[in-house]
Amino acid sequence: MIGRKPTDHRVGWGHVGEVRVCGGGQGRMWRVSTPTLGDVVAVLDALYPPALAESWDAVGLVTGDPEQPVRRVLFAVDPMRVVVDEAIAWDADLIVAHHPLLLRGVSSVAATTPKGRVVHDLIGSATALHVCHTNADNANPGVSDALADALGLLDTRPLKALPAEPVDKLAVFVPVDEAEALIDALAAAGAGRIGEYERCAWSTTGEGTFRALAGASPTIGQVGAVERVTEARVEMVMPRRSRRAVIEALRAAHSYEEPAYDVYELAAQPGDTGGGRVGVLHTPLTLREFAARVAAALPRTEHGVRVSGDPERWIETVAVVGGAGDSEFERVRAAGVDAYVTADLRHHPATEARAHDEPALVDVAHWASEWPWLADAERLLVAALAERGSTVETRVSTICTDAWSFRA
Ligand SMILES: [Zn+2]
């Protein structure tokens with residue numbers, strides 16, 4: 001049991017009492033701590049923010065005490081009986097599942113019902129259950145990224161992009177020799193951050209003029225006299241949520257009694273989160289070859305891989321939606337892709353798409369389309385915990401929980 005974090009690992013990260021001190025390489029000592037369920041959930045919520053979940057969804061913790069230690073985590077698509085049995089047999093402390101156990105309202109979890117029995121067994125074995133469903137679909141990287149990666153898609157973008165965080169632009173007029181200090185103050189309050197750059201600002205100089213009225217205490221000039229001042233116009237962007245803090249910083253840093261400034265709400269832009277992905281294959285494949293790639297990339301199911309389209313047509317651009325993708329045909333058409341890979345396609349929407357000679361359709365098992373995400377979530381959770389000096393043992397369930405068990 002070797003950790004990667006040196007002995008000065010952050011204090012305050014809520015590890016439970018058991019701190020194992022182990023020998024590291026080159027005679028160094030390393031400490032490994034076991035996270036609490038609350039710690040693990042905090043990491044999962046950062047990876048898959050609950051705010052990204054659809055309004056009808058039920059994500060988050062289903063069973064478990066945030067104070068309990070988490071040593072073993074099992075990742076699975078469905079928190080079904082067989083998966084819960086696997087978790088209990090492996091002595092898992094936590095199941096991270098994609099699909100909710102309890103999506104609709106329940107008035108009883110008595111052990112006399114199948115789901116009530118599962119809830120009892122989870123609590124009885126101190127196995128926590130945490131659900132990342134549409135919040136994992138909409139996150140980046142999320143469920144469809146894992147599917148796109150498995151199929152070798154490059155340059156992916158969301159099929160159904162959520163709007164990026166709302167942004168304002170601030171323009172403020174300040175005496176030229178105060179401009180740099182003002183930019184520092186605004187940046188410290190959250191303005192001027194663009195991607196991996198901070199303190200971004202643009203300025204030009206011009207002339208400001210004003211006449212102070214009786215009762216004013218002008219920083220420059222006299223009451224009643226027209227003043228002219230060389231001022232910089234400084235422009236900076238800011239997240240809309242920081243507007244109040246930035247304006248307060250502006251008023252605190254600016255020497256004028258009444259600083260002049262404008263706040264513009266910038267047009268909404270698509271962001272990098274949202275469901276489905278559109279990407280491109282490194283090398284075009286025939287539909288026959290592409291379908292074979294899909295079959296090889298995903299776990300085998302009785303459902304298999306169903307294909308609609310001319311096997312010899314060329315496929316270069318592809319849309320994918322992990323899980324049921326019936327509702328996204330409009331967006332897939334608008335994206336102008338050569339093929340659409342998803343699950344649960346029904347007869348009418350599929351035949352309509354075929355009649356328009358639109359994208360070739362590759363229909364896979366629902367479970368299989370979401371299964372690649374498990375390893376992704378596992379890797380990201382382990383890495384994020386390691387950064388905090390904590391380790392957990394993890395496993396991805398390979399039990400196929402797709403609904404279809406055989407073909408006659
Ligand atoms: Zn699903």
Side-chain angles (χ1 to χ4, degrees), residues 44 47-50 52-62 74-84 86-87 95-104 114-115 118 129-151 153 156 158-160 162 273-278 294 297-306 318-329 331-332 340-346 349-350 361-378 380 396-405:
L44 289 169
L47 292 170
Y48 309 110
L52 290 179
E54 304 293 337
S55 57
W56 49 262
D57 205 1
V59 303
L61 206 55
V62 181
L74 179 72
F75 292 82
V77 172
D78 296 288
M80 289 170 63
R81 176 78 257 168
V82 63
V83 167
V84 172
E86 179 188 14
I95 301 170
V96 175
H98 181 49
H99 290 143
L101 173 67
L102 307 167
L103 183 57
R104 296 178 222 301
K115 286 193 176 181
V118 165
L129 171 63
H130 185 85
V131 171
C132 303
H133 189 211
T134 51
N135 49 330
D137 289 330
N138 287 332
N140 187 345
V143 173
S144 291
D145 288 296
L147 176 58
D149 285 349
L151 305 185
L153 298 185
T156 51
L159 175 67
K160 187 182 179 180
L162 294 172
T273 60
R277 292 293 181 267
V278 176
V294 174
L298 299 183
R300 205 198 76 81
T301 59
E302 286 302 321
H303 175 287
V305 175
R306 300 189 299 180
V318 178
V320 300
V321 170
D326 240 1
S327 57
E328 300 302 335
F329 269 115
R331 285 190 178 81
V332 170
Y340 180 32
V341 181
T342 189
D344 298 349
L345 290 182
R346 289 170 302 159
L361 305 176
V362 181
D363 182 78
V364 303
H366 190 126
W367 170 82
S369 73
E370 295 171 329
W371 187 83
W373 169 72
L374 303 177
D376 220 32
E378 177 191 43
L380 294 170
V396 168
S397 177
T398 56
I399 296 172
C400 176
T401 49
D402 204 54
W404 312 111
S405 42

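Atoms within a ligand are numbered from 1 in the order they appear, just like the ligands themselves. Along the sequence shown, the residues carry numbers beginning at 1. The figures that follow rest on heavy atoms only: side chains count, while hydrogens, waters and symmetry mates do not.
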Protein N/O/S count near the Zn ion (ligand 1) (criterion: distance under 2.8 Å):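 Considering protein N, O and S only, the Zn ion (ligand 1) has 4 within range.
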Is it true that a side-chain atom of [X] and a backbone atom of [Y] form a donor plus acceptor pair closer than 3.5 Å?
{"X": "Tyr340", "Y": "Glu328", "value": "no"}
{"X": "Asp137", "Y": "Gly274", "value": "no"}
{"X": "Lys115", "Y": "Leu101", "value": "yes"}
{"X": "His98", "Y": "Cys132", "value": "yes"}
{"X": "Asp376", "Y": "Ala146", "value": "no"}

How about Asp402 and Thr301: does a side-chain donor come under 3.5 Å of a side-chain acceptor?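 Side-chain D/A pair, Asp402 to Thr301: absent.
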